[in-house]
Structure formats: C-alpha cells, structure tokens
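Take a look at the structure set out below.
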Amino acid sequence: MKTKVYLDNAATTPIDERVIESMVTVMRENYGNPSSTHSVGQAAKSIIEGVRRQVAKNLKVQPGEIIFTSCGTESNNLIIQSCVAHLGVERIITSPMEHKCVAEAVRDAKTRNGVEVVYLRADSNGEISPESVENALKQSDKKTLVSLMHANNEIGNLLDLETVGALCKTYGAYFHSDTVQTVAHLDLDFSKINIDFASCSAHKFHGPKGVGFAYIKRTSRLKPMILGGTQERELRAGTENVTGIVGLGKALELCMDNLELYASHMTEIKRYAVEKLSQAIPEVRFNGYSADLNKSLYTVLSVLLPFKNPLIGLELDMKGIAVSQGSACSSGASKPSMVMMMLLDDEQLESTTPLRVSFSHQTTTEEIDYFVEALTGIYQSSKIEKTNVEHR
Ligand code: PLP
C-alpha cells in the first residue's frame, strides 16, 4: 500500500523539491574536484566555501569550524574518537539515552582505549539534571569529555546546552552535543554557549542523505580520523560531496528562512495530536517530556499505548501510515530501546507499546486525524481481545 501519512520525520524527512533542483544544477554544472587548482575545480571549491560560510553564520561560529562529513554518525564518531586519540580524553560523561552512534563510539573508547565512562542517570521523565553533570565533573581530575545530546531522537527531551556548557567550562571539560535533531529546527547560537563540538545531518531537515557536518571549535585542535588528502581543513580527507553540501545549504536556508512559521505549525500539530490521542485513547501516556511543549522538541511525540502490540508499526504501515516504534536505527530490534528501558518499569514494558510519531512542516491535521482513527481501531480491537482472553 502506498504511504498516505508520513509521521517518521525524526528518522528522515522528504527532500524538498527546491533542494533537489539546487543539487541537479550543481551536478550538471559543477563537476570539478574542489582540490583541483584549475578554474573548474575552483568553481566547485568556492561553492563549498559559500555553504560553509552560510552554516557558520547560522550557528554564529567561524567558517573554519565547520567540517563537512557524510552524516551525523560520522561527525559524532570523528569527535569522540579524536578526543580520545588526540586530545588526551581519559573520561567521558554521557547518558544511556544517547543515539547509538554516540553510545557505540563511547563503548569502543572504553573497551579499546580504557576510557572511564560515567553514565548519568535520567529521572523518570528522561531528564538529565545539571546537578548530576556537575557531581560527575567534580569527581575526577582526569581530562573529561561531556557528551550529551541536545534533543533526544526518541522522546524529544531537550537539554539545556547553556547550563551544561557553563559547567564544562568551570571544570575544564570538553563539551560535545549531538545536535542532529535540532540543527535547522531551533535557532542555535554557539557564540553564546560554551560548546566545543556538535553534529548535524542534512536528511533530518529536508536535505539529502549522506551529508552532514561537525562543528569543531577552532581552539580544540582535533585531528582527522579519516586520513588522506588535506580536504576540510585537514580534518576529514576525501573528495568533498559537493552536490550533497549544496543540498545541505539549500535545505538549511529554507528551514531558517521559515523557522518561526514551521516551528509554530509543528507546535500546533503536536498539540493537536496530544489532544486527539488523549480523547480517543483515555489511558494513553506520553513518554518523558514529550507532551510538554516547553521541554521537548516540537518535531517528536513519544506515545505510550495502553496495550501490548509488537506488530503495531506493521499494522499501521498496512493502513498507509509510517511511524516508528523507536529510533530508526533500533526499530527493527525486538528488544525495547535503551531509552524505553530507562523510562518504563518491567510491568509497563510488558503491557504497553511505545510509538514515536514525528512531524514536519508538511504534516496536516487531516493526517493526524487519519492516524488517530487508525490507532483507535487497533486500540478497540485490543480491548475486545483482552475481554475475550479474560472470559476464556
Ligand atoms: N544522532 C541523532 C540524535 C539522530 O537522530 C541520528 C539519526 O537518526 C544520528 C545521530 C545519526 O545521523 P545519520 O543518520 O546522519 O548518521
């Protein structure tokens, strides 16, 4: 069945037609290798540098602090691996709720390099308190990296970057935040935050897949993990993905030009979804601070359904609705995600079903109605099934 309703925008977003057009033009007209010294190469180089300046202006950082990569995963790996390999980081403070690409890079630093890892406990809403960050920072003089994501990709909880950044400054720790879910959705100003490293992925904001960037503070002296040529300020070897970088720039421009409009639309959509779901399924709950519009990102709503149905994603898919049962990277797994294991007790894990619904500026209230109607049908069937089991 053709997907009628796409509600999995935290996994990826549909690419904007104007982004495609910008990329096709560059693909046709700017085939030069940006490292070539002739004019064909230099034309491609100047296109990349234009996007670098645009990104830097947007985050209020220096162009030389933006390093284009292939994705958010690569950016996070580059930052964590190089902090350990080249900056003498011996200790990482992080949380069990990070995206798999951060979690695995940290785990690898522990097993291969003997880095001490401190996992901060989140409260029952999935919040990491600044006090817990400070307590962990206080406990050791080892060179430390704090790695905490800005918006959680499963529940949308937001971290207060300013406060955590200030603590890192006080205790002389590096601060990395995975900002993959927030770049182009929030107005980030890194000139006002003590942050050393951040990451971005274009496909999360209607850009192409296979391109992202790492923000690397100039003074941090990170070194490359991919070796070869001198591309990307000698921090990431390999011929640049000129087309992808142009797409990233165009997608960022479109989102930033419409930031307020898109944000208020998605905020309304989220409010509407919470209201409709609560009316249709009175026992429904929302995970973490997902339903709190002040404490979570407007793109993500994590729903906790009052019945167990591991196949719900498939059932909704058959009705033409694309949602996620966790993050895209773990949704194929039968185990509950780490985030859900942190938030839910054993009984809840046994008797409920988490569902991540995520919006874009293209999402409409009609689509939410269609989704809620489909979900209500599944909920009613689950009630009938439960009654039948009880009377058997
Ligand atoms: N970090 C977060 C918070 C994400 O949501 C994702 C993608 O799901 C990534 C990192 C990885 O980004 P990419 O798909 O570009 O590798």
Side-chain angles (χ1 to χ4, degrees), residues 6-15 19 55 66-81 94-108 122 126 128 146-159 161 164 176-186 188 195 197-215 225-226 236 241 244-245 247-248 251-252 255 287-290 296-302 313 322-333 337-340 342 354 356-360:
Y6 183 76
L7 293 173
D8 200 12
N9 291 281
T12 198
T13 48
I15 187 160
V19 171
V55 171
I66 301 300
I67 302 303
F68 291 115
T69 63
S70 68
C71 58
T73 298
E74 185 193 325
S75 303
N76 286 330
N77 271 270
L78 163 66
I79 292 161
I80 293 165
Q81 289 178 16
T94 186
S95 101
M97 322 243 306
E98 296 298 308
H99 187 270
K100 218 166 172 5
C101 65
V102 168
E104 286 301 310
V106 170
R107 200 175 59 84
D108 187 62
I128 304 286
V146 172
S147 181
L148 292 171
M149 70 206 308
H150 190 194
N152 185 279
N153 51 301
E154 275 187 65
I155 55 175
N157 276 24
L158 285 165
L159 181 81
L161 291 185
V164 175
H176 162 232
S177 186
D178 174 351
T179 49
V180 164
Q181 291 289 344
T182 51
V183 170
H185 293 297
L186 296 179
L188 300 176
I195 183 164
F197 313 109
S199 47
C200 159
S201 179
H203 72 96
K204 304 291 184 182
F205 50 92
H206 308 278
K209 290 168 187 61
V211 63
F213 65 78
Y215 158 69
M225 299 308 294
I226 297 177
R236 198 254 185 190
N241 174 3
I245 292 169
L248 182 154
L252 184 66
C255 283
N287 297 306
Y289 281 122
S290 210
S296 71
L297 190 63
Y298 50 75
T299 52
V300 181
L301 180 64
S302 177
V323 289
S324 170
Q325 282 180 256
S327 70
C329 301
S330 60
S331 56
S337 73
M338 199 58 189
V339 175
M340 289 307 143
M342 294 293 299
R356 180 183 71 178
V357 188
S358 48
F359 317 111
S360 83

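The analysis underlying the following values was restricted to heavy atoms, covering all of them including side chains, and did not include hydrogens, waters or symmetry mates. Every value quoted in this text rests on a predicted model; they were computed, and no experiment measured them. Note that ligands are numbered from 1 as they come in the structure, with each ligand's atoms numbered from 1 the same way.
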Pair I67, F213 - check side chain to side chain contact (heavy atoms under 4.5 Å, CB included), show working.
CA-CA 5 Å; I67 302 303; F213 65 78; 5.9 Å; no
Determine whether the side chains of D178 and N76 contain a donor N or O and an acceptor N or O closer than 3.5 Å.
yes
What are the atoms of ligand 1, with element, lying closer than 4.0 Å to any heavy atom of C101?
10 (C)
Yes or no: does K209 have any heavy atom under 4.0 Å from an atom of ligand 1?
no
Quick one: look at H203 and ligand 1, take heavy-atom pairs under 4.0 Å, and tell me if it's side chain, backbone, both or neither.
side chain
Per-atom filter on ligand 1: closer than 4.0 angstrom to a heavy atom of M149 are 3 (C)
Using only heavy-atom distances, determine whether the side chains of E98 and S147 contain a donor-acceptor pair under 3.5 Å.
no
Residue-level breakdown please: for E74 versus ligand 1, do any non-hydrogen atoms fall below 4.0 Å on the side chain, on the backbone, on both, or on neither?
neither
Donor-acceptor pair, side chain of Q181 and main chain of N153, under 3.5 angstrom:
no
Check whether any heavy atom of G212 sits under 4.0 Å from an atom of ligand 1.
no
With a cut-off of 4.0 Å, which atoms of ligand 1 are near a heavy atom of Q181?
3 (C), 4 (C), 5 (O)
Any residue meeting side chain to side chain contact (heavy atoms under 4.5 Å, CB included) with H150, in chain and number order, not counting sequence neighbours
L158, L161, S177, T179, T182, L186, L188
Say you draw a straight line from OG1 of T13 to NE2 of H206; how long is it, rounded to the nearest 0.5 Å?
4.5 Å
Between S199 and ligand 1, which residue portion shows a heavy-atom distance shorter than 4.0 Å: side chain, backbone, both, or neither?
neither
Proximal atoms of ligand 1 relative to S201 (non-hydrogen, under 4.0 Å):
13 (P), 15 (O)
When rounded to the nearest 0.5 angstrom, what distance separates CE in M149 from CE in M97?
8.0 Å
Polar contacts were defined as any N/O atom of the residue lying under 3.5 Å from an N/O atom of the ligand; does this apply to C71 and ligand 1?
no
List in chain and number order the residues that pass side chain to side chain contact (heavy atoms under 4.5 Å, CB included) with S302, two or more places apart in sequence or in another chain; answer none if no residue qualifies.
I155, N287, S290, M340
Among D178, V102, N153, closest by heavy atom to atom 2 (C) of ligand 1 is D178
